[in-house]
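Structure, as structure tokens:
Below, read A as the first sequence line, B as the second, and so on, with proteins coming before strands; counting in each chain starts at 1. All figures in this text were calculated on a predicted structure; none of them were measured in a lab.
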Amino acid sequence: MTPIIRVEDIAKYDGQEVTVQGWVYNRTDKGKLVFLLVRDGTGFVQCVAFKGDMTEAIFDQLVRLPQESSLVITGLVRADRRAPGIPGGYEVGIKQVQMFQTASEDYPMALKEHGPDFALDHRHLWIRMPSQWAILRVRATVIAAIREWLDTNGYINMDTPILTPAACEGTTTLFETEYFDEGKAYLAQSGQLYNEANIMAFGKVYCFGPTFRAEKSKTRRHLTEFWMVEPEIAFCDLDQLMEVEEQLVTHIVKRVYRERMPELKSLERDLSWLEKIEPPFPRLSYDDATSKIQELYQAETDPEKKELLKFEWGMDFGSPHETALTNLYEKPVFVYGYPTQVKAFYMEPWPGRPEVCKSVDLLAPEGYGEIIGGSERMFDHDLLLQRIHEHDLPEQAFQWYLDLRKYGSVPHSGFGMGVERTVAWLCGIEHIREAIPYPRTIKRVYP
RNA sequence: UCCUCGCUAGCUCAAUUGGCAGAGCGGGCGGCUGUUAACCGCUAGGUUCGAGGUUCAAGUCCUCGGCGAGGAGCCA
């Protein structure tokens with residue numbers, strides 16, 4: 001009885017007879033040789049059949065095997081630098097084959113790039129291709145690394161509701177649903193407000209789950225359903241928050257670099273960027289960021305690009321501004337102290353500068369932009385109530401939230417990190433729709 | 001919501017000034033003992049997104065509609 005192995009572990013079995021169970025990703029034949037590129041869920045390995053090693057009937061079956069046929073192969077593992085695959089470098093010399101299913105010959109995915117519409121219509125099959133498979137393996141490791149770091153640093157996982165009674169932050173458009181006799185309910189856009197309650201019971205918490213935005217955003221950085229981790233910390237100010245963020249991000253990058261090297265290489269990721277990720281990250285005030293963008297605006301000669309870089313104090317950064325700014329650095333960069341008017345109602349004012357709040361965004365390098373948004377939350381009950389009125393939010397719905405400032409208010413801070421944007425950055429991919437198994441966009445709920 | 005671009009074989013794309021509807025991949029058949037998206041020969045495969053219009057002639061030009069893309073705004 002030969003061991004059933006995982007392809008990702010194949011190097012351990014050099015010279016041994018093993019069994020691989022999987023699917024035929026590609027097949028090519030050359031006379032008396034057949035090469036099958038077999039994927040087993042953990043990797044891709046080349047399996048080679050020589051006509052002289054088996055009956056003619058079995059060899060003929062292998063020659064004609066359609067892509068995606070499912071089978072079990074037993075054979076000898078041997079190192080061969082010509083062998084393609086992930087991790088690659090090893091192949092299996094086929095001795096026995098057991099077929100499960102000969103796949104239909106009309107498999108729609110060609111072994112090449114597809115247009116986005118076709119690829120997304122076939123997302124259930126697209127995820128079998130090495131690029132998508134590698135990205136989603138990185139995603140799983142990013143999620144595992146996030147939980148690992150938080151769980152080992154004193155954070156309690158505290159799930160927050162997905163069905164919520166009212167707008168959490170007021171501004172963005174939410175998905176709406178009927179809720180029995182209680183009127184409307186809304187899909188959560190953040191668990192933050194609940195986490196502010198949770199920290200007053202547990203100290204340090206995080207929620208991790210899907211969040212929903214019904215905004216009609218159509219860009220490579222937006223999904224209507226995406227995953228976000230939101231840590232929240234009692235007795236934490238803005239400076240301490242930035243330290244937490246850079247520790248977490250560094251941990252994620254290091255674990256992905258360590259555990260997903262074959263996947264990153266197959267994605268042709270430029271690893272030198274990831275190797276530079278070490279604390280501390282540069283910290284830039286909004287004021288200084290404004291000056292830098294205005295300098296870049298002055299220096300830009302292309303009139304079209306120049307127009308996009310136009311910026312004055314008080315504006316929120318657009319995508320072109322973020323890109324231009326992050327291109328000045330090799331590491332993620334913190335921008336803190338945004339104007340109060342462009343940020344949410346719950347952020348603590350900057351001491352002595354009420355027009356600025358204690359907010360901080362983390363912008364990823366290489367033009368990836370904002371992956372984290374966070375802030376020190378408002379401490380004072382009366383000021384918070386005033387802000388709720390200024391933003392035309394229903395005071396009734398925020399009664400419980402105001403309570404948190406009545407019964408033992410403390411300085412506290414938290415942030416939200418977008419999983420798909422982080423994965424897209426680490427993988428070096430263009431569009432975040434590839435960083436989630438089944439993307440939901442304004443134009444797509446299938447499959 | 002606005003701006004821009006696109007839609008041709010199963011897929012990725014070409015088609016000059018408006019002048020015979022094409023290639024590669026994938027499929028089928030045949031060849032080859034080291035292929036790397038193999039290669040070589042043969043072969044099947046079309047409502048050119050839809051409707052109307054201009055023209056001797058429309059994939060190509062015009063009008064309306066549909067679908068998609070990525071950018072703005074907003075955000076992670």
Nucleotide pairing, RNA chain B (Watson-Crick or G-U, distances under 3.5 Å), in dot-bracket with [ ] and |:
(((((((..((((.....[..)))).(((((.......))))).....(((((..]....))))))))))))....
Determine whether any donor atom in the side chain of A/Glu91 lies under 3.5 Å from an acceptor atom in the base of B/G34, or the reverse, and answer yes or no.
yes
Distance-only donor-acceptor test (3.5 Å): side chain A/Ser217, base B/C75:
no
So that I can tick it off, tell me whether [Y] and [X] are bridged by a salt bridge, with the cut-off set at under 4.0 angstrom between side-chain N and carboxylate O.
X	Y	result
A/Asp121	A/Arg444	yes
A/Asp361	A/Lys343	yes
A/Lys32	A/Glu56	no
A/Arg139	A/Glu420	yes
A/Lys306	A/Glu300	no
A/Lys292	A/Glu295	no
A/Arg220	A/Glu434	no

Across the strands shown, which category fits [X] at heavy-atom distances under 4.0 angstrom: base, sugar-phosphate, nothing?
X	value
A/Glu225	nothing
A/Pro320	sugar-phosphate
A/Thr211	nothing
A/Gly115	sugar-phosphate
A/Phe118	sugar-phosphate
A/Asn26	sugar-phosphate

Rounded to the nearest 0.5 Å, how far apart are [atom1] of [X] and [atom2] of [Y]?
X	Y	atom1	atom2	value
A/Leu223	A/Arg440	CG	CZ	10.0 Å
A/Asp316	A/Tyr286	CG	OH	7.0 Å
A/Leu426	A/Tyr368	CG	OH	9.5 Å
A/Met109	A/Ile127	CE	CD1	10.0 Å
A/Thr211	A/Ile162	OG1	CD1	9.5 Å

Taking the six-membered ring for Trp, are the ring centroids of A/Phe311 and A/Tyr297 within less than 6.0 Å of each other?
no
So that I know where these two stand, are A/Phe212 and A/Phe226 an aromatic pair - ring centroids less than 6.0 Å apart?
no
Tell me the closest heavy-atom pair linking A/Gly41 and A/Arg137, and the distance in Å.
O-NH1, 3.8 Å
Both A/Gly318 and A/Gln46 contact RNA chain B. Which one's nearest nucleotide lies toward the 5' end?
A/Gln46
With RNA chain B as reference, determine whether A/Pro108 or A/Ala83 sits nearer its 5' end, using the nearest nucleotide of each.
A/Pro108
Could you check which residues of [range] get a heavy atom under 4.0 Å from RNA chain B? Sort them by number, please.
range	result
residues 369-378 of chain A	A/Glu370, A/Ile371, A/Ile372, A/Gly373
residues 428-447 of chain A	A/His431, A/Ile432, A/Arg433, A/Lys443
residues 32-44 of chain A	A/Lys32, A/Leu33, A/Phe35

Quick one: what's the B/S/- string for nucleotides 39-44 of chain B, heavy-atom cutoff under 4.0 Å, read 5' to 3'?
------
Taking the side chain of [X] as its heavy atoms from C-beta onward, which of [options] lies nearest to it?
X	options	value
A/Ser319	B/G34, B/A72, B/C75	B/A72
A/His114	B/U35, B/U12, B/A69	B/U12
A/Lys218	B/A69, B/C75, B/G28	B/A69

State whether [X] places a side-chain N or O below 4.0 Å from either non-bridging phosphate oxygen (OP1 or OP2) of [N].
X	N	result
A/Arg64	B/C29	yes
A/Lys112	B/C25	no
A/Arg221	B/A72	yes

Hey, can you tell me if A/Tyr401 and A/Phe398 have their rings parallel, tilted or perpendicular (30° and 60° cut-offs)?
perpendicular
With sequence neighbours left out, write down each residue that passes salt bridge (Lys or Arg N to Asp or Glu O under 4.0 Å) with A/Glu246, or none if nothing qualifies.
A/Arg283
